[in-house]
4 protein chains.
Amino acid sequence: MADQRKAGRADDAGGARKAVPRPHTGRRRNEAARSAVLDATAKLLRERGPEGLTIDAIAREARVGRQTIYRWWPSRAAVVNELASENARLAVPSEPDTGSLQGDLRAFLRASYETAARPDIAPILRTLASEALRHDDFAVALREFTAQRRAVLRALLERHRVPPVRAELLAELAFGLIWYRTITGHAKLGRTTADATADVLATAASRTRR
Amino acid sequence: MADQRKAGRADDAGGARKAVPRPHTGRRRNEAARSAVLDATAKLLRERGPEGLTIDAIAREARVGRQTIYRWWPSRAAVVNELASENARLAVPSEPDTGSLQGDLRAFLRASYETAARPDIAPILRTLASEALRHDDFAVALREFTAQRRAVLRALLERHRVPPVRAELLAELAFGLIWYRTITGHAKLGRTTADATADVLATAASRTRR
Amino acid sequence: MADQRKAGRADDAGGARKAVPRPHTGRRRNEAARSAVLDATAKLLRERGPEGLTIDAIAREARVGRQTIYRWWPSRAAVVNELASENARLAVPSEPDTGSLQGDLRAFLRASYETAARPDIAPILRTLASEALRHDDFAVALREFTAQRRAVLRALLERHRVPPVRAELLAELAFGLIWYRTITGHAKLGRTTADATADVLATAASRTRR
Amino acid sequence: MADQRKAGRADDAGGARKAVPRPHTGRRRNEAARSAVLDATAKLLRERGPEGLTIDAIAREARVGRQTIYRWWPSRAAVVNELASENARLAVPSEPDTGSLQGDLRAFLRASYETAARPDIAPILRTLASEALRHDDFAVALREFTAQRRAVLRALLERHRVPPVRAELLAELAFGLIWYRTITGHAKLGRTTADATADVLATAASRTRR
DNA sequence: AGATAACCGAGACGGTACGTCTCGTCTTTAG
DNA sequence: CTAAAGACGAGACGTACCGTCTCGGTTATCT
């Protein structure tokens with residue numbers, strides 16, 4: 001026993017086959033556990049804020065073993081990141097097409113700002129920011145998330161012939177506003193701000209068209 | 001903070017009594033302890049970042065009892081805040097005057113961005129933001145600090161006849177970029193970014209001059 | 001242990017029914033897996049002691065699925081017990097016959113004590129004892145094992161006309177010494193001790209012959 | 001500040017003094033916590049046996065922080081050891097003097113066996129043995145304890161002119177029975193067993209009197 | 001030959017306990 | 001009455017195993 005391992009390669013001898021060792025062994029990942037963890041994380045952030053977000057609390061709330069979280073996510077940060085990425089992808093149109101740069105920017109920024117202001121989303125962003133400022137693993141997660149969001153906006157701008165370097169700066173300014181207001185909370189993010197910002201960006205972009 | 005002492009010694013000078021009965025009882029606050037705590041905090045932030053900033057670590061580094069910290073500051077945040085107050089005043093120029101809007105913006109943003117990027121300042125900003133996202137009272141403090149900074153830039157823009165509403169938005173975009181990069185750390189703040197941003201703002205402003 | 005299979009066919013004999021339902025279907029037990037588990041257990045006990053003996057470690061060492069162990073043994077206890085039973089049967093002469101009580105006792109105890117002191121056996125005994133003190137299922141296993149050993153010595157004594165009650169006590173004293181030294185480790189078990197003990201028992205026995 | 005540390009040795013320079021560094025600073029050990037831990041340990045052993053004895057359970061039962069246990073005891077074993085040492089003083093019979101060897105042995109063994117069988121003592125012995133089989137440092141403690149017990153019985157035997165070597169063996173047989181039954185739990189230790197064992201030892205001893 | 005059934009290895013699952021770390025508070029002694 | 005030292009209850013951390021529950025795949029026996 002114990003010797004006829006890695007089955008499925010008995011035919012190796014016959015040919016120069018690829019030696020596919022075995023597609024999978026063991027129980028599969030439980031999708032219910034995954035979504036229970038994400039739901040519990042969202043609930044804790046909504047109700048108790050960043051301070052209440054511990055692995056213990058998530059596991060307790062999701063009725064999941066702690067090890068199950070550690071098995072699939074390298075850190076608390078990764079869980080929040082996955083939560084944020086899913087929501088952003090669903091809520092913001094990646095490629096609006098209104099015919100004009102200004103129109104596309106308004107559509108994109110309206111969706112982005114209004115989503116960021118949603119009471120179920122804002123705490124997630126706040127937590128990402130707060131933890132990223134303290135813990136490296138969160139910083140990495142946030143870096144990935146924000147890079148991904150900027151890439152979408154940059155693509156939009158480049159479709160309208162804005163040079164890459166300028167597009168990157170404009171994207172940083174647009175998203176910078178989201179995070180600035182998220183941190184300070186001195187004013188609400190909404191349609192009016194989105195439109196005004198879109199106009200600023202469109203103006204700055206038009207001067208640099210290729 | 002930490003400056004409104006237990007009082008009770010104002011009458012020392014006035015008492016012309018012979019047998020100065022007792023000018024004070026008990027040991028006075030040790031100023032060396034206070035600055036040792038602040039120095040240790042700065043050092044830890046510089047060397048290990050916000051993650052390594054625990055009360056235990058500060059006490060150890062400052063060679064001070066933990067209780068001494070709790071006695072004078074209500075939280076870690078308060079220590080960092082005091083540190084920030086001492087440093088911030090020195091660093092940022094109020095009102096450059098080069099003659100042109102673009103020139104003034106470049107001067108102001110260069111100073112602002114380069115200060116924010118300084119290795120002894122950046123970790124302080126990071127900690128301030130992090131704490132503001134967790135605790136309302138620090139959010140208020142940060143709100144006041146950022147409002148004050150925006151007011152300076154707004155005044156600069158209004159000197160060049162930019163309407164107030166637009167000036168406020170442009171100020172948010174300029175400072176938003178600082179915080180965006182501070183949070184994500186995906187790129188360095190510096191002179192190049194300052195100039196490019198100044199150009200974007202100047203362009204957007206010129207369209208709306210009164 | 002591990003030998004009383006799932007049963008459920010005891011009624012076959014009684015039922016004079018035509019369709020004897022089915023004695024067995026499916027793959028048979030893999031003997032190689034069984035001995036791999038026992039070998040791995042012995043190796044772990046030898047090399048890492050009782051502390052390192054976990055089901056995970058056995059499975060890893062034996063290159064066997066954990067479920068395979070749980071399928072055939074109800075607990076760690078059962079595995080070690082099976083190992084002990086196999087070794088003990090081989091090592092200890094059941095019924096020496098030298099003609100005299102003292103001679104038989106000396107032969108029996110020499111074999112018993114020297115076996116218990118063997119470096120591949122002692123850790124097993126230590127584990128049996130240690131686990132029996134912590135877990136009830138282990139205690140049951142040890143109780144069966146020690147009862148069986150006492151029965152052999154009791155039979156020897158009764159062959160020499162020692163009354164059963166006294167034989168039982170003498171057996172307990174003889175084996176008690178093994179465990180006492182195994183626990184405390186204050187002295188080695190060997191031939192000298194065996195002979196001295198045999199003399200004590202023989203003396204005590206001769207006073208009570210039937 | 002913070003530099004005049006380890007006070008109390010300012011006078012070192014003046015002489016070759018012993019350099020007593022400082023007697024003590026800080027909060028003292030809480031005696032209530034210590035006894036709460038020992039009481040909780042005793043209770044858990046009584047009610048749930050060695051298996052239920054975890055650091056978590058002790059801390060919970062004693063309403064004490066886990067760290068408090070780790071601060072004062074290096075292991076579970078050490079807690080049980082301290083508990084045993086406290087109880088041992090009360091339970092140990094000293095030196096009976098009935099005039100005859102058999103009488104003295106009966107008195108000594110009755111007390112010993114009955115004490116070992118007490119429901120509040122037996123679990124302690126079981127745990128002591130179990131830990132000794134796993135951890136060397138604890139094995140040393142148990143070795144000392146058992147050696148001391150044997151010394152008492154040996155002294156009793158030698159008072160009756162039993163040669164030292166034989167006395168040592170008889171003591172091991174007598175105490176071996178205690179541990180044998182403690183481990184296996186196959187029969188109760190009590191007066192009957194004590195008397196029968198006393199008779200066996202007395203018989204074996206009388207053959208070797210000096 | 002095909003169906004059925006038990007075995008096998010791998011490994012995910014909900015849990016419990018581990019020993020460590022830090023928190024904010026409390027207590028003691030020195031100055 | 002403050003400072004330092006340090007014990008205290010609390011609770012989160014990440015790891016190791018527990019015993020159970022799937023998985024895909026491999027023998028064996030029965031029809």
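Below, chain A is the first sequence line, B the second, and so on; all start at residue 1. All figures in this text were calculated on a predicted structure; none of them were measured in a lab.
Residue order along DNA chain F, read from the 5' end via each residue's closest nucleotide, puts D:Gly26 first among D:Gly26 and D:Arg34. Nearest-nucleotide positions on DNA chain F for D:Arg27 and A:Arg28 put D:Arg27 closer to the 5' end.
Between the side chain of B:Thr127 and the main chain of B:Pro123, a donor-acceptor pair closer than 3.5 Å is present. Using a distance-only test at 3.5 Å, with no hydrogens or angles considered, a donor-acceptor pair links the side chain of B:Thr41 to the main chain of B:Val37. Using a distance-only test at 3.5 Å, with no hydrogens or angles considered, no donor-acceptor pair links the side chain of A:Ser130 to the main chain of B:Leu133.
In A:Arg71, the CZ atom is crowded: over 12 heavy atoms of neighbouring residues, nucleotides or ligands sit closer than 6.0 Å.
Sorted by first and then second residue, the salt bridge (Lys or Arg N to Asp or Glu O under 4.0 Å) pairs with a member in residues 28-44 of chain D read D:Glu31-D:Arg34, D:Arg34-D:Glu82, D:Arg34-D:Glu86, D:Lys43-D:Glu61; sequence neighbours excluded.
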Is there a side-chain contact (heavy atoms from CB on, under 4.5 Å) between D:Trp73 and D:Leu38 once you walk through the steps? CA-CA 11 Å; D:Trp73 293 277; D:Leu38 295 180; 4.3 Å; yes
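The shortest distance between the side-chain N/O atoms of C:Arg76 and the OP1/OP2 oxygens of F:dC17 is not below 4.0 Å.
Contacts between residues 58-75 of chain A and DNA chain E, defined by a heavy-atom separation below 4.0 Å, involve A:Arg63, A:Val64, A:Gly65, A:Arg66, A:Gln67, A:Thr68, A:Arg71, A:Trp72, listed by number. Scanning residues 41-56 of chain A for heavy-atom distances under 4.0 Å to DNA chain F yields A:Thr54, A:Ile55, A:Asp56.
Here the CD1 atom belonging to D:Ile58 is positioned 15.5 Å from the CZ atom belonging to D:Arg63, to the nearest 0.5 angstrom.
Among all heavy-atom pairs drawn from B:Arg76 and B:Ile55, the shortest one is CG-CD1, 4.1 Å.
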